[in-house]
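What follows is a single structure, written as structure tokens, with notes after it.
The shown structure was predicted, so the numbers you read here are calculated from the model rather than taken from an experiment. Every heavy atom of this structure was used, including side-chain atoms; hydrogens, water molecules and symmetry mates were not.
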Amino acid sequence: MDSGKLKGHAALWVANIVWGLNAPICKSVLVSTANPGGVSPFALSVYRMVGACLLFWTVSLFMPRERVAPRDILLLLFASVFGIQFNQMLFLWGLSLTSPIDSSIIATIVPVLTMILAMFFLREPITWLKSGGVALGCFGALLLVGVSQHGAGQASSVSGDFLCIVSAVSYAVYLTAFRNTIVKYSPVTVMKWMFFFAAVVSVAVYFRPLIEVDYAALSSRTWGGIGYVVVCSTFVSYLMVPVGQRYLRPTVVSMYNYVQPVVAVFFTVVVGLDSFGLAKGAAALCVFVGVWLVTRSKSRAQLDAER
């Protein structure tokens with residue numbers, strides 16, 4: 001494996017390990033009947049967008065200045081809509097209405113959608129090896145979620161599940177439709193513009209929920225969760241994803257979504273909320289073999305070269 005691909009895989013491991021802990025931490029921060037002292041998903045969206053925007057623009061001050069073409073600025077605006085605004089804002093809204101288990105199950109459709117959309121946007125072929133890897137990874141992720149312990153008070157919701165589905169679809173569109181623009185520039189340049197647009201929209205749309213939060217009543221645990229969501233699952237993860245997009249195909253990038261439930265389950269095992277058995281081991285193996293199969297499948301460029 002060349003150094004570029006190795007760098008891409010390492011970046012995606014970091015992003016998806018962080019995201020694997022995101023759903024349970026977000027759920028503990030969001031206001032609910034079980035957590036009346038939390039914040040609304042709309043206020044948390046503003047914290048994420050504005051916080052990440054400030055972090056990316058601050059980091060960009062210490063890097064070589066990169067000029068972005070006006071046409072690409074417009075494309076980054078639409079990339080922000082699909083990759084951040086619809087994806088993350090709707091995810092938090094949906095998560096506040098449904099269970100982390102449901103959101104984890106819905107996330108398994110992202111690689112399937114990405115594989116299909118990559119065929120239309122990037123003319124990437126759907127090979128037997130690629131489709132088999134996606135199917136095996138999906139089976140492993142679903143099995144892992146199904147055999148894991150589910151906490152009490154985690155009710156499902158049709159409206160919440162629907163919002164999570166739209167979030168998943170928008171992320172698949174982002175990975176495929178805007179890849180050629182994303183790889184033109186450095187990850188910091190891409191993300192500082194995408195989060196700038198997201199921050200402006202989030203403040204304009206969710207200004208009222210933002211000022212309605214009783215900040216004095218928030219516990220240190222809630223503040224810690226907000227800090228993790230802003231710094232780790234937003235700034236760090238979104239810094240890593242463009243690195244993966246630069247060196248790896250969209251379907252490979254999306255396959256790392258299947259790592260998230262593995263991380264979440266192992267976390268619950270480590271803290272003593274669940275146990276590890278044969279079924280979980282087999283499910284995790286299916287996920288990792290599925291990811292490996294997709295990475296071994298041939299790209300359009302490789303197939304064209306063979307012809």
Side-chain angles (χ1 to χ4, degrees), residues 11-12 15 19 22 41-61 63-94 110 113-114 116-118 120-123 163-210 229-231 233-250 253-254 257:
L12 292 177
W19 274 334
N22 189 48
F42 312 111
L44 185 57
S45 291
V46 179
Y47 304 152
R48 294 188 75 177
M49 305 310 149
V50 174
C53 175
L54 293 175
L55 288 170
F56 278 116
W57 278 88
T58 301
V59 171
S60 71
L61 296 176
M63 299 184 65
R65 188 172 180 181
E66 198 170 17
R67 185 179 180 277
V68 181
R71 178 179 180 275
D72 289 337
I73 290 286
L74 181 62
L75 289 173
L76 289 176
L77 166 61
F78 287 107
S80 172
V81 170
F82 287 97
I84 298 176
Q85 296 170 44
F86 283 169
N87 174 229
Q88 290 301 320
M89 292 182 186
L90 294 183
F91 170 77
L92 288 177
W93 188 5
V110 172
L113 292 171
T114 303
I116 296 171
L117 291 174
F120 291 103
F121 287 116
L122 302 171
R123 293 177 51 234
L163 290 170
C164 288
I165 290 172
V166 176
S167 168
V169 172
S170 69
Y171 188 60
V173 172
Y174 161 71
L175 289 179
T176 53
F178 301 98
R179 181 185 183 277
N180 292 335
T181 302
I182 299 300
V183 300
K184 281 185 182 181
Y185 306 101
S186 71
V188 172
T189 298
V190 168
M191 287 302 151
K192 79 175 186 179
W193 283 108
M194 287 178 60
F195 273 100
F196 170 75
F197 297 128
V200 171
V201 171
S202 66
V203 171
V205 174
Y206 297 140
F207 178 74
R208 185 173 295 277
L210 182 66
V229 170
V230 172
V231 177
S233 64
T234 309
F235 173 70
V236 173
S237 292
Y238 272 93
L239 182 62
M240 295 293 104
V241 170
V243 178
Q245 287 179 285
R246 179 179 295 273
Y247 297 109
L248 304 171
R249 287 169 288 148
V253 175
S254 67
N257 269 45

Spatial distance of atom [atom1] ([X]) from atom [atom2] ([Y]) [nearest 0.5 Å]:
X	Y	atom1	atom2	result
Ser80	Leu75	OG	CG	12.5 Å
Met49	Met89	CE	CE	4.5 Å
Thr114	Asn257	OG1	CG	7.5 Å

Determine the minimum heavy-atom distance between [X] and [Y], stating which atoms define it.
X	Y	answer
Ala15	Ser237	O-OG, 3.3 Å
Asn180	Val183	O-CG2, 3.5 Å
Val110	Ala172	O-CB, 4.2 Å
Val253	Leu12	CA-CD1, 3.7 Å
Thr234	Val230	CB-O, 3.2 Å
Cys53	Ala199	CB-CB, 4.0 Å

Report the residues that fulfil ring-ring contact (aromatic ring centres under 6.0 Å, His included) with Tyr206, sequence neighbours left out, ordered by chain and then residue number.
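ring-ring contact (aromatic ring centres under 6.0 Å, His included) check on Tyr206 returns Phe42.
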
pair [X]-[Y]: side-chain heavy atoms closer than 4.5 Å:
X	Y	value
Gln245	Phe178	no
Ser170	Leu90	no
Val81	Phe86	yes

Using atom types as modelled and distance alone, determine if a side-chain donor or acceptor of Ser167 lies under 3.5 Å from a backbone N or O of Leu163.
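No; judged by distance alone, with no hydrogens or angles, the pair does not exist.
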
Can you list, pair by pair, the side-chain donor-acceptor contacts under 3.5 Å of residues 187-195, counting residues two or more places apart and other chains?
unit_1: Thr189; atom_1: OG1; unit_2: Glu66; atom_2: OE1; d: 2.6
unit_1: Thr189; atom_1: OG1; unit_2: Ser186; atom_2: OG; d: 3.0

side-chain hydrogen bond (donor to acceptor under 3.5 Å, both in side chains) against Tyr185, all qualifying residues, sequence neighbours excluded
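Tyr185: side-chain hydrogen bond (donor to acceptor under 3.5 Å, both in side chains) contacts with Asp72.
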
Go through the structure and list residues passing side-chain hydrogen bond (donor to acceptor under 3.5 Å, both in side chains) with Tyr171, not counting sequence neighbours.
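Tyr171 satisfies side-chain hydrogen bond (donor to acceptor under 3.5 Å, both in side chains) with no other residue.
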
Can you tell me if CZ on Phe121 sees more than 12 non-hydrogen neighbours from other groups inside 6.0 Å?
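For Phe121, atom CZ is crowded (more than 12 foreign heavy atoms under 6.0 Å).
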
Please check if atom CZ in Phe235 has more than 12 non-hydrogen atoms from other residues, nucleotides or ligands closer than 6.0 Å.
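Buried by this count: over 12 neighbours within 6.0 Å.
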
Please walk me through it: do Leu175 and Arg179 pass side chain to side chain contact (heavy atoms under 4.5 Å, CB included)?
CA-CA 6 Å; Leu175 289 179; Arg179 181 185 183 277; over 6 Å; no

Step by step, work out the side chain to side chain contact (heavy atoms under 4.5 Å, CB included) result for Leu76 and Ile182.
CA-CA 8 Å; Leu76 289 176; Ile182 299 300; 4.1 Å; yes

Test of understanding: with side chain to side chain contact (heavy atoms under 4.5 Å, CB included), list the residues that count as partners of Val201, not counting sequence neighbours.
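Only Gln85, Val205 meet the side chain to side chain contact (heavy atoms under 4.5 Å, CB included) criterion with Val201.
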
If the condition is side chain to side chain contact (heavy atoms under 4.5 Å, CB included), which residues does Ser233 pass it with, not counting sequence neighbours?
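Only Val18, Trp19, Asn22, Arg48, Tyr228, Val229 meet the side chain to side chain contact (heavy atoms under 4.5 Å, CB included) criterion with Ser233.
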
Hey, mind stepping through Tyr238 and Ile84 against side chain to side chain contact (heavy atoms under 4.5 Å, CB included) and telling me if it holds?
CA-CA 9 Å; Tyr238 272 93; Ile84 298 176; 3.9 Å; yes

